[in-house]
Amino acid sequence: MTVLVLGSGGREHAIALAISRDPQVRDLHVAPGNPGTASFATNHPVALTDPDAVVALAQQVGADLVVVGPEAPLVAGVADAVRAAGIDCFGPGAQAARLEGSKAFAKEVMAAAGVPTADAVNCVDLDEVEVALTRFGAPHVVKDDGLAAGKGVVVTSDRKAAVEHARRCLEAGHPVVIEDYLKGSEVSLFAICDGTRALPLQPAQDFKRVGNGGTGPNTGGMGAYTPLPWAPTDLVEQVSREVIAPTLAEMNRRDTPFQGLLYVGLALTAEGPKVVEFNVRFGDPETEPLLSLLTTPLAQVMRAAARGDLSQFGEGLEFRTGFAVGVVLASEGYPGTPETGRPITGAESPDGGPDPDVIHAGTALDPEGRLVSAGGRVLVALGHGETLTGARQAAYTRLSRIELPGGFHRDDIALTAAEEEAFTAMSEPTSPSPSDPAQSE
Ligand code: GLY
């Protein structure tokens, strides 16, 4: 197979790395990619949201399969255009991508499918916003209806801040969704879907707030780990039955079948798992630790999904035993305006080659060919272990060898769960691990 992966972040580096391990993959291309993907694939410039440009590139490289990483090209109809050109494409068409592109649409689908989620109100002016904020009370959850590059969701007990966020969304011409706050640990559960069938991955948890202890503003995610030792053993089965299957059925009923990666963001509430949000692509940074453990050949699964028949993978996806932890190294200033162009050292393996435990996100090469920072989230250091404590230690040890002036990271990725693991080894199991109160995005 010749495969073209679209995107340039840590998610796409992790996807491309997993695809490169598939024995059926002969030729791998990434567009635009990053210095990490350039170490084992061929990078190409492309305008990601231009369907014609993507189709032209896919034809030029002779792609048998195109994998769309980020949401914006999916919402722009890139997957539809690639399929119309006769090339298999992993990713939903524009209509199905509205599950992420419009929060109000996702709520409508969930209501029709009977999927458990927070009560919500779609507001088109500030009067409606005020009524909804009073109805649900604090903490307030205010969501931009449209794509907002990770800046669309505000969770706050400060009513003025909630109204201010709603005002900014409305002034930009977007409705806002105000919803009830879901109390409970947050879990990310991904499923590879072929339109009717779904293959769930193992659950993961990410850490959305910028600061230790879940403090500070929301980010794209500062770290993640998988699997979750504290998650109920029937969680995947329950979410498959109560969320994923009815959602796929409802999308089929609308003649917009969902094919690609369905990201189910959940809160484990006292009444059971409820959906916080849907996304239509792999999560970042959950994908980095998740795919590092996947042993099922990824390109073959994605091609089967793209062709609408995952039946040959009826046994489900397989993962290496043990745990994986990913810790994000961020640029000074993130999640505000990040400082970029700063030198990064220590990202390569001891022999000077690429290190599969260092996933590039916002990196670039300067004119002299040196690795520099080029975004807010710069890279993800991965660690693996038979225990969560071991995996954490490995990730933080790897990160400690990397230098970026002004760079910072959270110290507590997977910490509570690792402490519970250590405690449980000596005594009885404890309660679920707390998560950042992010209500996602
Ligand atoms: N980790 C959150 C997201 O990818 O949306």
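Whatever order the structure lists them in is the order used to number ligands and atoms, beginning at 1.
- Close contacts between ligand 1 and Gly283 involve ligand atoms 4 (O) [criterion: under 4.0 Å to a heavy atom].
- Contact annotation: for Tyr263 versus ligand 1, heavy atoms closer than 4.0 Å belong to the side chain alone.
- Short contacts between ligand 1 and Lys208, defined as distances under 4.0 Å to a heavy atom of the residue, involve ligand atoms 2 (C).
- For ligand 1, the polar-atom distance check finds no N/O of Glu277 at less than 3.5 Å from any of the ligand's N/O atoms.
- Comment: Glu250 engages Arg254 in a salt bridge, judged by a side-chain N to carboxylate O separation of less than 4.0 angstrom.
- Between Thr389 and Glu421, the side chains place a donor N or O and an acceptor N or O closer than 3.5 Å (distance only, hydrogens not considered).
- The heavy-atom pair separating Arg392 from Ala418 by the smallest distance is CD-CB, 3.7 Å.
- Ionic pairing of Lys107 and Glu179 is present here: one or more N-O contacts between side-chain nitrogen and carboxylate oxygen are shorter than 4.0 angstrom.
- Between the side chains of Thr363 and Asn34, no donor-acceptor pair is found at a separation under 3.5 Å.
- Interface of Asn279 with ligand 1, defined as ligand atoms under 4.0 Å from a residue heavy atom, comprises 5 (O).
- Within ligand 1, counting atoms from 1 as listed, the ones closer than 4.0 Å to a heavy atom of Gly220 are 1 (N), 2 (C).
- With a 4.0 Å heavy-atom cut-off, ligand 1 is reached by the side chain of Arg281 but not by its N, CA, C or O.
- Short contacts between ligand 1 and Asp206, defined as distances under 4.0 Å to a heavy atom of the residue, involve ligand atoms 1 (N), 2 (C).
- Using cut-offs of 30° and 60° on the angle between ring planes, the pair Tyr263 and Phe190 is tilted.
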